[in-house]
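Below is one structure, written out as structure tokens; comments come after it.
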Amino acid sequence: MQVYKVGGAVRDRLLGLPVTDVDRVVVGATTEEMLAKGFRPVGADFPVFLHPKTGEEYALARTERKSGRGYGGFTFYASPEVTLEEDLIRRDLTINAMAEDDQLNLTDPYHGQRDLEARILRHVSPAFAEDPLRVLRVARFAARYAGLGFTVADETMDLMRQLSESGELQALTAERSWKEISRALMEDHPQVFIQVLRDCGALKELLPEVEALFGVPQPETHHPEIDTGLHTLSVLEQSAQHKQPLTVRWACLLHDLGKGLTPEDEWPRHIAHEHTGLKLIKAVNERFKVPKDCQELALLAGQYHTHGHRALELKASTLLELLQSFDIYRRPQRFEEFIAACEMDARGRKGLEQRSYPQADYLRGAAKAARAVAVQPLLEQGFKGPELGEALKRERLKALKAYKEAATA
Ligand code: CTP
């Protein structure tokens, strides 16, 4: 049997990037031979094994045939007769379809190296269409390598467009889609992910609520970029430049969904979009079975981002309501992430990327003032149950009034 490194490990080594995951393909072996050598099988359906010592993945060379809709509809054909070239041709992109042996001899039948040099993401063969998730993968690679100058080949875009139009993306499971989306959002240029999905017609299939933001104007005074879709892309770009965590990036993507519902005769104003957007944010969260921390922050940032921007003008009582809604006493991190999302929203506007955002420190100061109210004296005064809660609120309000006066004096 022969063993080759394949996929990302070869690609990233040739790009001079660090290699984390190494996938290997095994040609000329049977399942029985692999088991006899101590390899551990992964799952029931896939001819994939883990090395007994290193735990790295070894897959038998295989061809795939599509037998139905979606990812479930796959049958695998693995046999010692399947060649390396036959295995590589069913892979997604030419840059992912190279193999190398232990001496670093490259097998590159589909010209991945040429496309690496030309900075092109190009599909290997029509077999690309066997897995619609690849539409998201290509957009993710575009987001990852945008800084190196990579773009998607026209013919690959055409294929992605056909796949999007065929409705096949609807058959993807929430788990597989979310894995791609969340990884793409954590790349250096997550806005490119959304842009590529939009360009091939996949955005309106996967996230029609985000697609709907393009072409919707906002007031030029606050939004020199005017278009809500472009603003959303800029906010996402800012979130990556500021190395924000996934929760914040997800909130950035969804914060303005309500603006897509504003009746045209109200444009460019979007009264109460923070509230109208909530049901859309909820629907998107559920569609992809998004992790709870991302769901929560997206909903809270959707509802309260305008409060964040107006922090210095808020009455002490409104400020208190905001802090209570975030449960800043038990969830300090979540409030920090909200502040970050607001700041990204403020900077994700044309020409305003470097603006200062005094609201951030002001909100932090307010949270600190509210948290500083001690419970003990109230307990000593005999408050308990709901009355204790009311007394705490009164004391916090007092503290916030004093804070506001001092901070804005
Ligand atoms: N692959 C594919 N189609 C998919 C998933 C994977 O063709 N839907 C192939 C590609 O050849 C890919 C390899 O399997 O390079 C390994 O997949 P994976 O580990 O998901 O990605 P990597 O390319 O290693 O990239 P990453 O750095 O994102 O892990």
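Ligands are counted one by one from 1 in listed order, and the atoms in each one are counted from 1 as well.
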Heavy-atom count around Glu56 CD within 6.0 Å, excluding the residue itself: above 12? yes
How about Glu237 and Ser234: does a side-chain donor come under 3.5 Å of a side-chain acceptor? no
Mode of Asp131 contact toward ligand 1 - side chain, backbone, both, neither (heavy atoms, under 4.0 Å): side chain
Tell me whether the count of non-hydrogen atoms from other residues, nucleotides or ligands lying under 6.0 Å of CG in Asp154 goes above 12. no
Checking side chain to side chain contact (heavy atoms under 4.5 Å, CB included) against Gln218, which of Arg349, His223, His273 comes through? His223
May I ask which of Glu57, Lys179, Arg11, Arg91 has a heavy atom nearer to atom 14 (O) of ligand 1 than the others do? Arg91
I'd like to check whether Asp21 has a polar contact with ligand 1, where a contact means an N/O of the residue lying under 3.5 Å from an N/O of the ligand. no
For Arg134, counting its heavy atoms only, list the atoms of ligand 1 lying under 4.0 Å from any of them. 2 (C), 3 (N), 4 (C), 7 (O), 8 (N)
Gln238 and Glu353: side chain donor to acceptor below 3.5 Å: no
Which ligand 1 atoms are under 4.0 Å away from a heavy-atom of Arg140? 28 (O)
Backbone or side chain, does any N or O of Arg90 fall under 3.5 Å from an N or O of ligand 1? no
Enumerated ligand 1 atoms positioned under 4.0 Å from heavy atoms of Arg144: 26 (P), 27 (O), 28 (O)
State, without any angle test, whether Ser166 and Glu168 hold a side-chain donor-acceptor pair at a distance under 3.5 Å. no
For atom 1 (N) of ligand 1, tell me which residue out of Glu187, Arg176, Arg137 has the closest non-hydrogen atom. Arg137
Less than 4.0 Å is my threshold; does some heavy atom of Leu133 fall inside it relative to ligand 1? no
If you count the atoms of ligand 1 from 1 in the order shown, which ones are under 4.0 Å from a heavy atom of Gly7? 15 (O)
Compute whether any side-chain donor of one residue and acceptor of the other, for Glu337 and Thr247, lie under 3.5 angstrom apart. yes
